[in-house]
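Small disclaimer: the values here were computed from a predicted structure and weren't measured. Computation of the quantities below employed the complete heavy-atom set of this structure, encompassing side-chain atoms and omitting hydrogens, waters and symmetry-equivalent molecules.
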Amino acid sequence: MGDFDGVLAHAASRGWSMPRSASGGAEASDGFERVLLAAKAGAPWASAELWNAHAGAVAGFLRARGSAEPDDLTSEVFLAVFDRLDRFEGGAAEFRTFVFTIAYRRLVDELRRRARHPSIEEWADEADPRRAASAEDEAVGRIGDAAARAMLDGLPPDQRDVMVLRIIGDLTVEQVAEVLGKRAGAVKALQRRALTALRKMFPAGRTPSAASDDSGE
């Protein structure tokens, strides 16, 4: 899930230090605002709280959307998050949107680079995803069975972005709209079309247990 020690070392190299008022991770129970303020001040425990709360979902999103190195990219995302932390204002929901906006932009950059410079990887038996359930399958297990990733991959890119952010990122329609730079109504429309397509892919009598196509929650 990325390398938090490396991210934290980078933060320390920028002159961040443990504030005298921060005594440990227990202070995180005081709420997101306290954790955020401590992270801005340079408290390692607070940065760890933010990492632990979001890195898993970010890595799952990047993996499901085809990142070649999702763990490494997750670390890059949080390097950017912590670099920009002093400029962030808002609560927990806004912070999640902030994190996923950076993650989405880094993913787009990676996919564009790979499109310009495609590489051919040598097949390795131990890397064959048909041998066992993959991490991608586990990440999207909430919407169905081991075929869920293939079903999502069968969607158009804009619909796939919406569904992965909604399911794996656990973002509301409004948050997805902000991450993708779209109107909430456009996101709802994309989600409805994606759900319709996914239902057609499922065997008769089964439907994907995704979020409601109209709810923002």
Side-chain angles (χ1 to χ4, degrees), residues 1-4 7-8 11 25 27-41 43-67 70-110 135-136 138-143 152 158-188 190-191 194 210-217:
M1 193 210 312
D3 178 10
F4 176 69
V7 174
L8 198 57
E27 295 195 15
S29 61
D30 290 345
F32 174 80
E33 183 177 356
R34 189 173 184 83
V35 173
L36 179 64
L37 288 174
K40 286 184 175 183
W45 69 263
S47 297
E49 288 281 345
L50 296 177
W51 169 275
N52 291 333
H54 300 90
V58 168
F61 162 68
L62 296 172
R63 185 176 294 114
R65 281 296 288 111
S67 173
D71 290 342
D72 289 346
L73 192 55
T74 297
S75 294
E76 290 183 23
V77 167
F78 277 86
L79 287 174
V81 167
F82 291 137
D83 278 346
R84 303 175 192 178
L85 204 58
D86 59 342
R87 287 171 279 169
F88 171 78
E89 299 293 338
E94 289 79 13
F95 183 76
R96 194 170 183 86
T97 303
F98 168 66
V99 169
F100 273 91
T101 298
I102 293 175
Y104 176 72
R105 290 174 179 171
R106 292 301 172 100
L107 174 68
V108 169
D109 289 342
E110 180 196 321
E136 288 92 340
E138 294 176 3
V140 297
R142 291 169 52 187
I143 68 166
L152 287 177
D158 53 357
Q159 295 179 25
R160 189 163 64 243
D161 285 338
V162 167
M163 294 304 293
V164 174
L165 285 168
R166 288 281 278 136
I167 296 164
I168 298 177
D170 196 25
L171 302 183
T172 66
V173 166
E174 289 72 20
Q175 288 173 313
V176 173
E178 187 169 344
V179 169
L180 300 181
K182 298 180 182 292
R183 291 176 289 104
V187 170
K188 287 184 178 181
L190 288 167
Q191 182 172 288
S212 165
D213 58 348
D214 293 314
S215 172
E217 301 299 328

Gap separating the [atom1] atom of [X] from the [atom2] atom of [Y], nearest 0.5 angstrom:
X	Y	atom1	atom2	result
His54	Glu49	NE2	CD	11.0 Å
Ile102	Leu107	CD1	CG	13.5 Å
Phe100	Leu180	CZ	CG	11.5 Å
Glu76	Asp109	CD	CG	9.5 Å
Tyr104	Leu165	OH	CG	8.0 Å
Thr74	Leu79	OG1	CG	11.0 Å

Give the C-alpha distance, both sets of side-chain angles, the deciding distance and a yes or no for side-chain contact (heavy atoms from CB on, under 4.5 Å) between Ile168 and Arg63. CA-CA 10 Å; Ile168 298 177; Arg63 185 176 294 114; over 6 Å; no
Residues in side chain to side chain contact (heavy atoms under 4.5 Å, CB included) with Ala194, at least two apart?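 For Ala194, the residues satisfying side chain to side chain contact (heavy atoms under 4.5 Å, CB included) (neighbours in sequence not counted) are Leu155, Gln159, Met163.
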Side chain Gln175, main chain Ala93, donor-acceptor under 3.5 Å: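 Yes, Gln175 side chain to Ala93 backbone: donor-acceptor pair under 3.5 Å.
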Which residue pairs pass the salt bridge (charged side-chain N to carboxylate O under 4.0 Å, His left out) test with at least one member in residues 88-108, sequence neighbours excluded?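 Only Lys40-Glu89 qualify under salt bridge (charged side-chain N to carboxylate O under 4.0 Å, His left out).
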Do Leu85 and Phe95 pass the side-chain contact (heavy atoms from CB on, under 4.5 Å) test, and can you show the C-alpha distance, the side-chain angles, and the key distance before you say yes or no? CA-CA 10 Å; Leu85 204 58; Phe95 183 76; 3.7 Å; yes
Heavy-atom closest pair, residues [X] and [Y]:
X	Y	answer
Ser67	Leu73	OG-CD2, 3.7 Å
Leu50	Ala39	CD1-CB, 3.7 Å
Pro70	Leu62	O-CD1, 3.9 Å
Lys188	Val173	CG-CG1, 3.7 Å
Ser47	Phe82	O-CZ, 3.6 Å
Val187	Ala177	CG2-CA, 3.6 Å

For the residue pair Phe32 and Phe88, categorise the inter-ring angle as parallel (less than 30°), tilted (30 to 60°) or perpendicular (more than 60°).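 Perpendicular, since the angle between the ring planes exceeds 60°.
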Report yes if the side chains of Lys182 and Val162 come closer than 4.5 Å at any heavy-atom pair, otherwise no.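 Side-chain contact under 4.5 Å: no.
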